Amino acid sequence: MTSIAIVGAGPQLGLAIARTFGSRGFDVALVARNRDKLDQLVATLAAEGITAAAFAADVLDRDALSQALKDAAAHFGGIDVLEYSPVGTIGSTTLTTPAQTEPAHVQHEMEFQLYGAIAATQAVLPAMREAGAGTLLYTTGAGSIDPVPQVGNVNAAAAALRNWVINLHKELEGTGIRAAHIGIDVSIGMSVVPGFPTARPEEISPVYWELHTTKRDQAELVFSR
């Protein structure tokens with residue numbers, strides 16, 4: 001069996017990605033902070049005939065995150081695809097413009113986005129190298145590519161993650177393992193900014209399958225309207 005680990009699994013995009021891969025025969029490991037919510041997602045997927053399991057961990061606790069992914073690999077016999085897209089809770093960070101930004105404003109986002117992604121990658125990459133196969137997918141808002149002043153500190157960390165992923169893609173050339181960045185240039189589900197385009201999670205999730213299958217040579221895809 002093949003499996004995908006979704007870090008930051010939530011009821012919108014995370015669930016849609018789980019369905020996209022699970023409906024194609026993948027087992028699904030869901031990793032996020034809230035065990036109760038994870039269990040609800042597992043039950044939802046099970047009702048649709050998708051095998052899933054929950055592994056609770058906060059991406060800010062890198063040891064716990066690494067252990068959760070190792071537990072998931074042991075449970076399913078390996079992790080073939082890693083998808084990293086944690087979503088912060090409202091109030092968990094202060095949004096600042098570039099001119100307002102202090103180092104501390106960026107530090108939390110770096111821990112959340114870049115450092116968590118690195119920790120997750122280190123937990124699964126050695127086994128992928130041994131197998132000579134694997135897919136590593138990382139999600140940010142499109143502000144990592146074309147930044148928006150109102151969220152300058154978030155964009156700075158997202159851009160750092162994007163840079164690292166594209167560089168990882170280059171490093172892994174010829175190994176059978178591919179890394180890619182997904183930039184999402186829409187609001188998911190409902191618009192939080194008047195006039196900003198929206199998309200349903202199930203419209204976005206096929207991009208992840210394409211990067212795993214037919215577009216493995218691409219280091220980046222941007223979903224936009």
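Just so you know, these numbers come straight off a predicted model, no measurement behind them.
Linking ILVMFWY residues whenever their side-chain heavy atoms come closer than 4.5 Å, directly or via other members, leaves V106 and V154 in distinct clusters. Side-chain heavy atoms closer than 4.5 Å link hydrophobic residues (I, L, V, M, F, W, Y) into clusters, and following such links, possibly through other members, connects I204 to L221. Under the 4.5 Å side-chain heavy-atom criterion for Ile, Leu, Val, Met, Phe, Trp and Tyr, I188 and V151 are members of distinct hydrophobic clusters.
The side-chain contact (heavy atoms from CB on, under 4.5 Å) search around E202 returns R200, not counting sequence neighbours. For the side-chain contact (heavy atoms from CB on, under 4.5 Å) test, residues two or more places apart in sequence or in another chain that qualify with R178 are H169, E173, R216. In this structure, D146 has no side-chain contact (heavy atoms from CB on, under 4.5 Å) partners at least two apart in sequence or on a different chain. Scored by the side chain to side chain donor-acceptor pair (under 3.5 Å) test, Q218 finds no partners at all (sequence neighbours excluded). Annotation: side chain to side chain donor-acceptor pair (under 3.5 Å) contacts of T140 (sequence neighbours excluded): S144, H181. Scanning for side chain to side chain donor-acceptor pair (under 3.5 Å) contacts around D39 gives R35, with sequence neighbours left out. Considering only residues two or more places apart in sequence or on other chains, A157 meets the side-chain contact (heavy atoms from CB on, under 4.5 Å) condition with E109, M110, Q113.
Inter-residue side-chain proximity for L136 and V124 is flagged as met; some heavy-atom pair is nearer than 4.5 Å. Contact annotation: the side chain of I4 approaches that of I17 to within less than 4.5 Å [non-hydrogen atoms, C-beta and beyond]. Between F55 and L69 the shortest side-chain heavy-atom distance does not fall below 4.5 Å. Proximity of E203 to R225: side-chain heavy atoms (C-beta onward) are separated by under 4.5 Å at one or more points. Within the 4.5 Å cutoff, the side chain of Y84 has no heavy atoms near those of the T121 side chain. Side-chain contact between T135 and L211 is absent, with no heavy atoms from C-beta onward closer than 4.5 Å.
Taking each heavy atom of A117 and L161 in turn, the nearest pair found is CB-CD1, 3.5 Å. Residues D185 and P197 approach most closely at O-CG, 4.0 Å, considering heavy atoms. Residue P98 comes nearest to G152 through the heavy atom pair CD-CA, 4.1 Å, listed as atom of the first residue, atom of the second, then distance. For A119 against L65, the heavy-atom pair with the smallest separation is CB-CD2, 4.3 Å.
The list of ring-ring contact (aromatic ring centres under 6.0 Å, His included) pairs with a residue in residues 122-146, not counting sequence neighbours, reads Y138-W164. Within the structure, salt bridge (Lys or Arg N to Asp or Glu O under 4.0 Å) contacts touching residues 115-137 (residues at least two apart or in different chains) are R129-E171. Within the structure, salt bridge (Lys or Arg N to Asp or Glu O under 4.0 Å) pairs that include any residue of residues 52-74 comprise R62-E111 (at least two apart or interchain). Residue pairs that meet the salt bridge (Lys or Arg N to Asp or Glu O under 4.0 Å) test with at least one member in residues 153-169, sequence neighbours left out, are R162-E220.
Between the side chain of N153 and the backbone N or O of T96 there is at least one donor-acceptor pair closer than 3.5 Å.
For the atom pair N155 CG and T97 OG1, the distance stands at 11.5 Å (nearest 0.5 Å).
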Kindly determine whether L114 and I118 satisfy side chain to side chain contact (heavy atoms under 4.5 Å, CB included), including the steps that lead there.
CA-CA 6 Å; L114 178 61; I118 291 173; 3.9 Å; yes
Which atom pairs, donor and acceptor, lie under 3.5 Å between side-chain atoms of residues 19-32 and protein residues at least two apart or in another chain?
{"unit_1": "R19", "atom_1": "NE", "unit_2": "E48", "atom_2": "OE1", "d": "3.0"}
{"unit_1": "R19", "atom_1": "NE", "unit_2": "E48", "atom_2": "OE2", "d": "3.1"}
{"unit_1": "R19", "atom_1": "NH2", "unit_2": "E48", "atom_2": "OE2", "d": "2.7"}
{"unit_1": "T20", "atom_1": "OG1", "unit_2": "A16", "atom_2": "O", "d": "3.0"}
{"unit_1": "T20", "atom_1": "OG1", "unit_2": "S205", "atom_2": "OG", "d": "2.8"}
{"unit_1": "S23", "atom_1": "OG", "unit_2": "R19", "atom_2": "O", "d": "2.8"}
{"unit_1": "S23", "atom_1": "OG", "unit_2": "T20", "atom_2": "O", "d": "3.2"}
{"unit_1": "R24", "atom_1": "NH1", "unit_2": "T20", "atom_2": "O", "d": "2.7"}

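Checking T139 against Y208 by side-chain atom types alone, a donor-acceptor pair falls below 3.5 Å.
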